[in-house]
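The next block holds one structure in the form of structure tokens; read it before the comments.
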There are 2 protein chains.
Amino acid sequence: MQTDIHDAHNGFGTIRVYPDKTPIYHQGDSATRIFRVNSGVVMTFRLLEDSRRQITGFCTEGEFFGLSPHGDHMDGAVTVTSAGIQSVSISALETDAGLRAQIMNHSFRKIEDTQNLMMTLTKTSSEARVAAFLVMLADRRLRRQGPNADGLEVSLPMSRLDIADYLGLSRETVSRRLNELKSLGLIGLPDTHTAQINRFDGLRRCAGMMAA
Amino acid sequence: MQTDIHDAHNGFGTIRVYPDKTPIYHQGDSATRIFRVNSGVVMTFRLLEDSRRQITGFCTEGEFFGLSPHGDHMDGAVTVTSAGIQSVSISALETDAGLRAQIMNHSFRKIEDTQNLMMTLTKTSSEARVAAFLVMLADRRLRRQGPNADGLEVSLPMSRLDIADYLGLSRETVSRRLNELKSLGLIGLPDTHTAQINRFDGLRRCAGMMAA
DNA sequence: CGACAAATTGATGTCAGTCAAGCCTCGTGG
DNA sequence: CCACGAGGCTTGACTGACATCAATTTGTCG
């Protein structure tokens with residue numbers, strides 16, 4: 001029996017690997033499947049008429065995306081890096097109680113995450129937002145790796161513009177604030193797509209709240 | 001048999017009427033019940049350490065609130081006006097499939113609403129936000145009443161500060177933009193807590209996008 | 001190695017926040 | 001019935017943070 005990726009199953013429907021910058025689905029497409037990131041990074045985003053963009057999330061291993069209330073996707077999804085993605089037909093929700101519970105749990109968490117993001121975007125300075133972004137990535141990595149906080153390197157596979165569209169800033173401001181955090185000694189930037197966390201506590205404090 | 005409000009049932013647990021400005025639950029409380037607005041207006045909000053506040057929603061007739069992923073409420077809830085509120089134990093989710101479906105549907109819609117709010121807060125001018133807020137209230141009313149768009153009066157039971165904390169603005173800016181929309185002829189303000197929609201299309205256009 | 005895209009850096013403008021003062025409304029008590 | 005007071009709303013002047021525009025520099029991929 002050949003292992004056609006379209007037919008490969010491991011308890012959550014078909015599995016497939018996509019190269020980076022590949023659209024998984026488009027905003028407005030009818031939603032027939034539910035997706036889960038197996039490896040790599042996927043970002044979801046919403047577009048406005050005038051081509052403005054809000055990135056609604058960066059999904060990594062284990063996270064679901066593509067959940068839609070009615071027929072249509074309210075966001076689009078694209079791989080940031082090469083990514084392994086599992087998917088299952090939406091109809092599986094009706095039969096599989098375990099999956100349903102998992103999705104429900106994920107939905108609640110998603111609401112919380114979205115509200116957290118909203119708080120960050122509306123109540124904090126550009127510096128705090130960039131710091132919060134780095135803290136989020138670092139936390140995510142720490143959850144999977146050991147708790148060696150300081151000295152940790154996190155990868156930033158997305159472009160500055162992607163970060164900007166996630167944080168509601170301009171790409172210039174993202175650049176400025178990153179270099180500001182660097183000159184404060186909180187982080188290092190060995191190369192454009194890597195950040196080194198020097199003082200995690202300081203970064204957290206920065207993310208929490210910062211008047212100026 | 002006496003109709004103790006605590007024991008009154010109509011298919012969705014107990015019913016109770018609260019006066020205005022009454023807390024229903026507090027942020028951080030353990031979540032044991034799910035709520036549904038029967039009449040009146042309830043607002044949910046999240047607080048930050050330094051007493052900043054983000055209002056996450058104004059709930060009216062038929063809307064659920066108080067859904068929490070884990071044990072604790074991630075937001076607080078207060079009545080804006082006098083309000084009739086139904087509630088049911090969270091354990092009913094396990095037994096009642098219909099309720100579960102309803103809640104699930106609501107959760108998806110909530111994610112969408114929250115993302116929409118986020119778009120509004122991060123991508124639009126203060127004028128557009130205030131216009132969008134009025135459009136939302138008007139739409140909500142139109143869904144229940146006839147489709148006589150223009151001339152419609154919507155009530156603003158919440159304070160200017162509440163609106164500001166919903167839209168991520170200062171109370172002064174809310175005030176300024178409301179009066180601006182008034183002098184543009186799009187709305188009328190017969191009194192502080194009432195807005196009259198004069199040109200609904202214009203208001204929509206304003207809400208959609210506005211450079212200046 | 002060369003060309004194009006992305007990122008940085010600098011200069012300037014603008015929108016909304018803050019501070020401060022005045023107004024209007026409503027409830028209270030004389 | 002009216003005077004007073006308190007809280008919420010409005011209006012104005014000023015400030016500041018981030019966007020925008022523009023020019024380099026750096027990075028990447030053929």
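Both backbone and side-chain heavy atoms feed into the values below; hydrogens, waters and symmetry mates do not. In what follows, every chain begins at residue 1, and chains take the letters A, B, ... in the order their sequences are listed.
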Each nucleotide N or O in nucleotides 1-3 of chain C that has a protein N or O under 3.5 Å away: list the pair and distance.
none

- A:Arg36 vs A:Asn38 side-chain heavy atoms within contact, under 4.5 Å: yes
- Hey, could you give me each pair passing side chain to side chain donor-acceptor pair (under 3.5 Å) that has a residue in residues 173-191 of chain A? Not counting sequence neighbours. A:Ser126-A:Arg177, A:Ser170-A:Thr173, A:Arg177-A:Glu180, A:Asp191-A:Thr194
- Listed once per pair and sorted, the salt bridge (charged side-chain N to carboxylate O under 4.0 Å, His left out) pairs that draw on residues 153-166 of chain B, sequence neighbours left out: B:Arg53-B:Asp162, B:Arg53-B:Asp165
- Helical bend (five base pairs per end, nearest 10°) for the helix from C:dC1-D:dG30 to C:dG30-D:dC1: 40°
- Flag side-chain contact, heavy atom, 4.5 Å: B:Leu67 against A:Ile111: no
Grab the N/O contacts between the protein and nucleotides 16-20 of chain C below 3.5 Å, and write none if there aren't any.
from   : atom 1 : to       : atom 2 : distance (Å)
C:dA16 : OP1    : B:Ser126 : N      : 2.5
C:dA16 : OP1    : B:Ser126 : OG     : 3.4
C:dA16 : OP2    : B:Ser126 : OG     : 2.8
C:dA16 : OP2    : B:Arg177 : NH1    : 3.2
C:dA16 : O5'    : B:Ser126 : OG     : 3.4
C:dG17 : OP1    : B:Gly168 : O      : 3.4
C:dG17 : OP1    : B:Ser170 : N      : 3.4
C:dG17 : OP2    : B:Ser170 : N      : 3.2
C:dG17 : OP2    : B:Ser170 : OG     : 3.1
C:dG17 : OP2    : B:Thr173 : OG1    : 2.5
C:dT18 : O4     : B:Arg176 : NH2    : 2.9
C:dC19 : N4     : B:Glu172 : OE2    : 3.1

- Task: Find the distance B:Leu121:CG to C:dC15:C1' and express it as a whole number of Å.
- Result: 16 Å
- Relative to the ring of A:Phe35, is the ring of A:His73 parallel (under 30°), tilted (30 to 60°) or perpendicular (over 60°)? tilted
- Message: What residues from residues 182-192 of chain A pass a heavy-atom cutoff of under 4.0 Å to DNA chain C?
- Response: A:Thr192
- Message: Which residues pass the side chain to side chain contact (heavy atoms under 4.5 Å, CB included) test with B:Ala132, not counting sequence neighbours?
- Response: B:Thr120, B:Ala207
- Provide the full list of ring-ring contact (aromatic ring centres under 6.0 Å, His included) pairs with a residue in residues 160-193 of chain B, sequence neighbours left out, each pair given once. B:Phe58-B:Tyr166, B:Phe133-B:Tyr166
- Message: A side-chain contact here means heavy atoms from C-beta on lying under 4.5 Å apart; do B:Ile187 and B:Leu178 qualify?
- Response: yes
- Message: Tell me which residues in residues 155-163 of chain B lie within less than 4.0 Å of DNA chain D, going by non-hydrogen atoms.
- Response: B:Ser159, B:Arg160
- Return the set of residues passing side chain to side chain contact (heavy atoms under 4.5 Å, CB included) with B:Met119 (not counting sequence neighbours), or none when no residue passes. A:Arg46, A:Leu48, A:Gln54
- Message: Going by the rule side chain to side chain contact (heavy atoms under 4.5 Å, CB included), which residues pair with A:Ser39 if we only count those two or more places apart in sequence or in a different chain?
- Response: none
- With sequence neighbours excluded, tell me which residues meet side chain to side chain contact (heavy atoms under 4.5 Å, CB included) with B:Asp20. none
- Query: Any side-chain heavy atom of A:Met104 within less than 4.5 Å of one from B:Ile103?
  - Reply: yes
- Spacing between A:Asp165 atom CG and C:dA6 atom P, to the nearest angstrom: 13 Å
